[in-house]
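Read the structure below first, then the notes.
Ligands are counted one by one from 1 in listed order, and the atoms in each one are counted from 1 as well.
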Amino acid sequence: MGDTSQTIVVAGGSLAGHTVVTELERRGFAGRIVWVRGQEGTAPYSRPALSKELIQGKVTAETIRLPVQRPYGPRTRIMDGAVCARLDPHADRVLVTRASKEEWISFDALFVCTGTNARVPRAFAGLPGVHSLRTLADAERIKERLAVRPRTVVVGAGLVGSEMAASLRSCELPVELIVQGQLPMEAVFGAELGRFCLEQHHANGVTTRLGTTVTALSSAGPRGPVTLTYDDGRESTADMVVLGLGAVTSCDWLDGCGLDLSDGLGCDETLRTARPNILAAGDVANWRHPLFGHRMRVEHWSNASAQARHAVESWLAGQEDRRPPAFADVPYFWSDQYGLKYQMVGHARGHDEVHVEEAGAGGYPFVTYLRGGRIVAAAGVNAPRAVMRMKARIQAELAEAPSAGGSSAGDPSTGAPPAGETTSEEVYAR
Ligand SMILES: Cc1cc2nc3c(=O)[nH]c(=O)nc-3n(C[C@H](O)[C@H](O)[C@H](O)COP(=O)(O)OP(=O)(O)OC[C@H]3O[C@@H](n4cnc5c(N)ncnc54)[C@H](O)[C@@H]3O)c2cc1C
């Protein structure tokens, strides 16, 4: 497949990049692959484990490495500690930098899998005692601090903030959770399941400040306390602050290349950008979902691998003069907190009706979200079968009437989401 003279550059060394490389090799790509893995300088690993098992001390950096089914082929060049610094789309080449060295690499195809970074307001960056959590190095820095049993304030109650609070409590450390809205995970789950999440935090000994924004942080030094100032003028101190303020896409290196960078890297339904030999997959990809009928960007683990495989298929189809297929997977994510598994399928934005019932062995809340009378999402706790049944149902129903899930969503000509619709990164920010 492909010819030996072709070069494919894969930018990004996490799940999406790893899956693109593995899939190209599995499908017998005969050319050269240059895999630029980014600044982290590590082999790909399970990022979801960072806020869960790694902080809890149940796994180590070695045991969370992504499995490599067979060694990468001899025509795959792995560039660790290297980043794509610039794209010249007119000459089909990328500038790759490593340490102080620069190299232009020409490509026949480029897969952009550069994901996201933690969102850290400039005023909070680099303060001693203040951490964010996106990389293995971030998690190891936090873990190291746990030896002194710090009083921790977690700022932000999206997925990462909520999981951090739960993991710190499992280490029996004192935790306060700052929630900008009234409920944790509310932006993604809505009020019904958000209330359940709040009850779980309280039942497990987390104290919460609801409806509160942190306006300033100051630090007395590496060991000294961090002072937090809130929007109501009050202050508190902590030994450690962990920020869970969402993520920003890693697209700076694409600035000025002429592609759509309005929220991540804009692609069509097939994950190809306006230049069909440049494709995107994973957290960075913003594509028009054919079933939901509007653009979205999904910051979930299973999406990154499914999109990576799909992007390879789209590129290959173009090479073989076949019509590239649309990427129509129904989004899925999970979150582990206090021994409970939360799972959600679909895309609940813009829903106008919610049904709550009980499902699974624990009789926990199971929520279905409807839009225009159709189920567009479902979420449950310890109810994997019910959630997965719902995934199949959403896929089937929306496939029957594509775009029904997004019929009132935004401008159909541009695929823009409706005004006020939040992106997935804002979901994590709350
Ligand atoms: C703490 C935490 C917990 C999570 N838990 C869950 C969960 O429970 N369930 C779930 O569904 N999802 C979870 N996620 C989200 C999930 O990890 C992401 O969706 C997934 O990692 C996306 O993979 P990706 O390859 O698209 O991007 P990323 O994982 O963001 O990787 C991007 C890669 O690109 C590299 N890079 C960046 N810029 C450049 C450049 N210019 N050149 C070259 N390389 C570059 C980076 O170094 C990195 O290796 C969690 C995320 C975090 C941070």
Examine ligand 1 and decide if any of its atoms is less than 4.0 Å from a heavy atom belonging to [X].
X: Q307; answer: no
X: H18; answer: no
X: M164; answer: no

[options]: member with heavy atom nearest to [atom]:
atom: atom 33 (C) of ligand 1; options: G38, G13, A247; result: G13
atom: atom 50 (C) of ligand 1; options: P331, P48, G12, G282; result: P48
atom: atom 32 (C) of ligand 1; options: T114, V94, V298; result: T114
atom: atom 30 (O) of ligand 1; options: R134, Q39, R47; result: R134
atom: atom 23 (O) of ligand 1; options: S335, S302, A304; result: A304

What atoms in ligand 1 come closer than 4.0 Å to a heavy atom of [X]?
X: E299; value: 15 (C), 19 (O)
X: V36; value: 43 (C), 44 (N)
X: T116; value: 30 (O)
X: K52; value: 5 (N), 6 (C), 7 (C), 8 (O)
X: L15; value: 25 (O)
X: F333; value: 11 (O)
X: S14; value: 25 (O), 28 (P), 29 (O), 31 (O), 32 (C), 33 (C), 49 (O)
X: S51; value: 1 (C), 2 (C), 3 (C)

With heavy atoms only and a cut-off of under 4.0 Å, state how [X] meets ligand 1: side chain, backbone, both or neither.
X: A16; answer: both
X: L159; answer: side chain
X: W301; answer: both
X: C113; answer: backbone
X: H300; answer: both

Donor-acceptor contact present, side-chain [X] to main-chain [Y], <3.5 Å:
X: T273; Y: I278; answer: yes
X: E176; Y: R209; answer: no
X: E23; Y: V312; answer: no

Indicate yes or no: at least one non-hydrogen side-chain atom of L340 is less than 4.5 angstrom from one of Q200.
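Yes, side chains in contact.
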Could you verify whether a donor N or O on one side chain and an acceptor N or O on the other, from S335 and E163, lie under 3.5 Å apart?
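The answer is yes; a qualifying pair exists.
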With no hydrogens and no angle check, do the side chains of H201 and T208 hold a donor and an acceptor under 3.5 Å apart?
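No.
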Can you label the angle between the Y342 ring and the F189 ring as parallel, tilted or perpendicular, going by 30° and 60°?
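Parallel: the ring planes of Y342 and F189 meet at under 30°.
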According to the interplanar angle, ranging from 0 to 90°, do the rings of H289 and F292 count as parallel (below 30°), tilted (30 to 60°) or perpendicular (above 60°)?
perpendicular
Quick check, are the ring centers of Y72 and W35 under 6.0 angstrom apart?
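Yes, they do, as the ring centres are separated by less than 6.0 Å.
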Who are the ring-ring contact (aromatic ring centres under 6.0 Å, His included) partners of F366, not counting sequence neighbours?
none
Taking atom CZ of R75 as the centre, report whether more than 12 heavy atoms of other residues, nucleotides or ligands fall under 6.0 Å from it.
yes
Give every donor-acceptor pair under 3.5 Å between a side-chain atom in residues 103-111 and any protein atom, sequence neighbours left out.
unit_1 : atom_1 : unit_2 : atom_2 : d
E103   : OE1    : R77    : NH2    : 3.1
E103   : OE2    : R77    : NH1    : 3.1
D108   : OD2    : T7     : N      : 2.7

Rounded to the nearest 0.5 angstrom, the OH-CG distance for Y364 and L193 is 12.0 Å
